[in-house]
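One structure below.
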There are 2 protein chains.
Amino acid sequence: MPRTRSETYPDDLVALAAVARALAHPGRLQLLEAIAARRSCVCGELVELMPLAQSTVSQHLKELKEAGLVHGVVDGPRTCYCVDAGKLAAVGAAFAGLFARLGCCERPKEEDHG
Amino acid sequence: MPRTRSETYPDDLVALAAVARALAHPGRLQLLEAIAARRSCVCGELVELMPLAQSTVSQHLKELKEAGLVHGVVDGPRTCYCVDAGKLAAVGAAFAGLFARLGCCERPKEEDHG
DNA sequence: GGGTATTATCGTATATCTACGATTTACGAT
DNA sequence: ATCGTAAATCGTAGATATACGATAATACCC
C-alpha cells in the first residue's frame, strides 16, 4: 500500500501538506528560527546548538532544503544556510489562506455586529 | 532510539510541530476543508468524498481530533464533525507568528519605503 | 431481543521517519 | 600528494505513519 495516494488529491493540498510535514518536527522549526535569527548560519553552528548528531542535523537541513524553505550556499569548506524569504512569504500566505477558508463558515460565539 | 526528543525542545515548538504534523497529509487537509465548508459533517459523507476506506477516514479524523482541530459530536447512530474555530484561530496565529519571526531578519529585495 | 446502519477500534502489512555511527566527499593548508 | 576540517551521504535500527479488511461497539427500528 502506498504511503499516500497523492494523485487523488488537489495539487495545492499536496504541496501544502508537504510543507507542513517539513515543519512537523520541533528540531526543524528550531533550525529555521536559528537560521532566520542569524540571517545566515554555517552548518557547524547549527550542530552546536542542536541536541542532535551532525549527520542528523544535516538530514533535517536537507529536508528543509527540499521543501524550499532554506537554501545552502557552499562557502569554502563549509555550507552557509539561509531562509528563502520569498518561499516563506508564499507558504505563510498559503497557511493564512487555509485558516481563512477553514474559519470562514464558522461563527463560534457571535458575528461582527458593527 | 526515540522518534523525537521532545524534552529537549521548547514547548511551543513541540506544540506547533504537532499541529503541523496533523496538517501534513493532503487527506486531512481535505477533510478539514470539507468539514469547514459544510459547517458540520457526518462521517459517512466524508467517507463518500474521500478516496479512502471508512476505517482510514475514521483514523484521520481521530488525528484531527487529537490535534484539537475538530471535534466529533455523537448524533444518534452517527458522528457529526465540526472544526474548532477557537483552536484554528490560535493555530493560525501561531503559524503567522512563526512566519513573522522567520521573515523578520530578511530583506529580500527592498524595504517598505512608504 | 433480533436485525440493520453507522462509526470506532483491532490487527496487520508496508513505507516512511528519526536517529546514530561510519564513511565519503569537498575544500584548504602543508 | 597528504593531512585535517566541514559537510553530506550510507547503512541501519527502532518507532510511527498510512492503508486496508475484519471486527466490535453503539444507536435505531421492529
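In what follows, chains carry the letters A, B, and so on, assigned in the order in which the sequence lines appear, proteins first and then strands, with residues in each chain numbered from 1. The figures here come from the full heavy-atom set of this structure, side chains too, leaving out hydrogens, waters and symmetry mates.
Glu45(A) comes within 4.0 angstrom of nothing in the nucleic acid, heavy atoms only. As judged by a 4.0 angstrom heavy-atom cut-off over every strand, Thr56(A) is placed among the base-contacting residues. Residue contacts for Val42(B): at a heavy-atom cut-off of 4.0 Å it reaches the sugar-phosphate backbone alone, with no base atom in range. Base engagement by Ser58(A) is indicated by at least one non-hydrogen atom pair under 4.0 Å involving a base atom.
Taking side-chain N and O atoms only, His60(A) has no distance below 4.0 Å to OP1 or OP2 of dC17(C). Taking 4.0 angstrom as the limit, Arg21(A) places a side-chain polar atom (N or O) nearer than this to OP1 or OP2 of dC17(C).
Taking only distance into account, the side chain of Gln59(B) never meets the base of dA8(C) through a donor-acceptor pair shorter than 3.5 Å.
When the nearest nucleotides of DNA chain C are assigned to Arg28(A) and Lys65(B) by heavy-atom distance, the more 5′-ward of the two goes with Lys65(B).
Between Tyr9(A) and His25(B), the ring-plane angle classifies as perpendicular under the 30° and 60° cut-offs.
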Atom pairs under 3.5 Å: protein N/O with N/O of nucleotides 28-30 of chain C:
none

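Atom CD in Glu63(B) sits about 13 Å away from atom P in dT16(D), given to the nearest Å. Look at CG on Leu61(A): it is 13 Å from P on dT18(C), rounded to the nearest Å. Rounded to a whole Å, the CG atom of Leu64(A) is 16 Å from the P atom of dA7(D).
Screening residues 53-79 of chain B for salt bridge (charged side-chain N to carboxylate O under 4.0 Å, His left out), with sequence neighbours left out, gives Arg28(B)-Glu63(B). Legend: ring pair (Phe, Tyr, Trp, His ring centres under 6.0 Å) pairs involving residues 67-96 of chain B, not counting sequence neighbours, sorted by first then second residue: Phe95(A)-Phe95(B), Phe99(A)-Phe95(B).
Taking the side chain of Leu52(B) as heavy atoms from C-beta on, and the options dA19(D), dT6(C), dA6(D), the nearest nucleotide is dA19(D). Closest contact between the side chain of His25(A) and the listed nucleotides dC20(C), dA7(D), dT18(C) involves dT18(C). When each of dT9(C), dA22(C), dT18(D) is scored by its nearest atom to the side-chain atoms of Gln54(A), the top-ranked nucleotide is dA22(C). Of the listed nucleotides (dA8(D), dC20(C), dA8(C)), dA8(C) has the atom at the smallest distance from the side chain of Tyr81(B).
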